[in-house]
Amino acid sequence: MAIRIATWNINSVRLRIETVSRFVKISRPDVLCFQEIKCREAEFPFSSLKEMGYQHFAVNAQKGYHGVAIASRLPLDDIQTQDFCSKGEARHVSARICSGGANFSDIEIHNFYVPAGGDVPSVEANPKFKHKLEFLEEMKSFFASPAASSQNRVLLGDLNVAPLEHDVWNHKALLKVVSHTPEEVERLISLFESGGWVDPIRNQAPEPEKVFTWWSYRSPNWLLANKGRRLDHIWVSEPLSGAVKKTEIFKETRGWDRPSDHVPVIADLI
DNA sequence: ATGGTTGGGGTCCAA
């Protein structure tokens with residue numbers, strides 16, 4: 001049985017629930033992971049998502065800001081949240097997907113919304129940047145246990161870092177722009193390598209191909225100017241690397257009415 | 001170097 005997993009920073013799930021429905025009709029992911037739901041759990045659109053075929057949920061919500069959720073056609077269990085950096089912010093939720101797949105048993109999925117980090121790339125001048133770096137370091141520790149890389153795991157979400165040269169529209173111009181600074185990139189790559197993760201998006205579209213998942217609202221003419229960044233990621237653990245058959249950046253949602261500034265990233269596992 | 005846009009909650013903060 002194949003399983004399609006998608007991640008999407010939706011930038012208010014209530015405002016864009018019809019946009020979600022439109023995407024689901026086209027792409028029909030089995031597991032749909034959101035970041036920036038921006039609502040309390042009581043306000044989360046469970047019933048709309050149930051109508052779209054999602055009966056199972058793992059939600060870590062807070063009022064107004066951040067917030068992550070997993071909506072799934074397959075049963076979820078062992079739902080957990082971790083308060084990275086102990087700030088009481090809803091930036092992580094994990095669950096085990098009972099997949100019934102042929103090439104893998106259950107999958108542990110970790111959905112992250114990494115802090116954006118503010119505007120100034122200095123830990124002294126900008127506490128948000130410090131928070132972001134510490135958050136990435138805690139993520140590394142979290143996945144550092146010896147058995148971690150032997151599990152069927154997926155780490156996905158808005159990681160708010162574009163690690164590679166061609167993950168941004170202009171590498172040199174963005175070296176001092178938060179999301180692509182050497183300090184962030186170093187920490188994200190350290191997390192990636194120490195956890196034994198695999199990046200199927202980049203395996204399918206190696207450098208120097210440009211791959212973006214986000215286009216700023218502030219940049220007019222997003223499609224022609226194409227000043228994007230790859231901030232959203234789907235990583236899998238080594239045992240799952242052979243199970244990823246295809247990935248996709250679902251770019252077209254960025255051109256829809258009142259879009260999120262992020263687009264869905266999809267991985268198909270068999 | 002600057003300003004550009006969006007969303008939530010409430011007349012400003014985060015992205």
Side-chain angles (χ1 to χ4, degrees), chain A residues 7-23 33-45 48 59-69 83-92 111-123 125-136 156-163 167-170 172-181 183-185 188 212-233 251-265:
Chain A
T7 178
W8 196 3
N9 180 322
I10 193 64
N11 188 17
S12 175
V13 72
R14 288 180 294 172
L15 187 68
R16 270 181 260 285
I17 194 62
E18 287 308 314
T19 309
V20 170
S21 176
R22 185 174 172 185
F23 167 67
C33 299
F34 296 113
Q35 302 84 36
E36 286 209 89
I37 60 173
K38 288 187 171 177
C39 64
R40 300 176 181 94
E41 181 160 357
E43 299 157 338
F44 187 79
S48 300
V59 178
N60 185 10
Q62 68 179 84
K63 180 184 176 182
Y65 301 102
H66 323 313
V68 289
D83 184 7
F84 290 83
C85 298
S86 304
K87 285 180 175 286
E89 297 180 341
R91 295 184 178 275
H92 166 266
N111 178 9
F112 280 95
Y113 177 49
V114 172
D119 291 328
V120 181
S122 156
V123 291
N126 176 10
K128 290 181 195 169
F129 190 69
K130 185 165 183 278
H131 177 210
K132 182 178 194 176
L133 297 184
E134 288 173 356
F135 195 101
L136 291 166
L156 57 71
D158 177 3
L159 306 186
N160 263 319
V161 181
D167 289 341
V168 295
W169 64 278
N170 184 328
K172 279 191 177 174
L174 287 167
L175 279 170
K176 290 181 179 174
V177 174
V178 174
S179 71
H180 194 60
T181 67
E183 283 173 292
E184 297 159 79
V185 168
L188 191 79
F212 306 145
T213 67
W214 173 88
W215 291 263
S216 173
Y217 288 127
R218 298 176 191 176
S219 172
N221 212 347
W222 72 276
L223 188 59
L224 272 176
N226 199 27
K227 295 184 173 180
R229 305 177 201 168
R230 186 169 73 115
L231 304 179
D232 305 273
H233 301 268
K251 192 175 166 182
E252 68 177 88
T253 64
R254 188 64 180 80
W256 293 355
D257 283 344
R258 299 202 75 183
S260 169
D261 44 356
H262 297 253
V263 302
V265 180

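So that the names make sense, note that chain A is the first sequence line, chain B the second, and so on, each numbered from 1. Values reported hereafter were calculated over all heavy atoms of this structure, with side chains retained and with hydrogens, waters and symmetry mates removed.
The separation of B:dT6 from B:dT2, taken at their P atoms, amounts to 23 Å, rounded to a whole angstrom. Between B:dG9 and B:dA14, the two P atoms lie 14 Å apart (nearest whole Å). Taking the C1' atom of each, B:dA15 and B:dG4 are spaced 13 Å apart, rounded to whole Å. Taking atom C1' on both B:dT11 and B:dG7, the two are 15 Å apart, rounded to the nearest angstrom.
Taking the salt bridge (charged side-chain N to carboxylate O under 4.0 Å, His left out) definition, one finds that A:Asp167 meets it with A:Arg202, A:Arg230, sequence neighbours left out. With sequence neighbours left out, A:Glu183 forms a salt bridge (charged side-chain N to carboxylate O under 4.0 Å, His left out) with no residue at all. For A:Trp214, the side-chain hydrogen bond (donor to acceptor under 3.5 Å, both in side chains) test picks out A:Asp261, with sequence neighbours left out.
We find that CD of A:Gln62 is positioned 11 Å from P of B:dG9, with the value rounded to whole Å. Atom CH2 of A:Trp222 is separated from atom P of B:dT6 by 14 Å (rounded to the nearest Å). Rounded to whole Å, atom C1' of B:dT6 lies 19 Å from atom CH2 of A:Trp256. Here the C1' atom of nucleotide B:dG8 and the CG atom of A:Asn11 are 10 Å apart, to the nearest Å.
To the nearest 0.5 Å, atoms CG (A:Asn9) and CD (A:Glu36) are separated by 4.5 Å.
Counting only residues at least two apart or in different chains, salt bridge (Lys or Arg N to Asp or Glu O under 4.0 Å) contacts with residues 7-22 of chain A comprise A:Arg14-A:Glu43.
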Pull out every protein N or O sitting under 3.5 Å from an N or O of nucleotides 13-15 of chain B, one pair per line with the distance.
unit_1	atom_1	unit_2	atom_2	d
B:dA14	OP2	A:Lys128	NZ	3.4
B:dA15	OP1	A:Arg91	NH2	3.2
B:dA15	N6	A:Arg218	NH2	2.4
B:dA15	N1	A:Arg218	NH2	2.9

Between side-chain atoms of residues 219-229 of chain A and protein atoms elsewhere (two or more places apart, or another chain), which donor-acceptor pairs fall under 3.5 Å?
unit_1	atom_1	unit_2	atom_2	d
A:Asn226	OD1	A:Trp215	NE1	2.9
A:Arg229	NH1	A:Ser179	OG	3.1

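Residue-level contact check: A:Arg14 touches the backbone only, with heavy atoms under 4.0 Å from sugar-phosphate atoms and none from bases.
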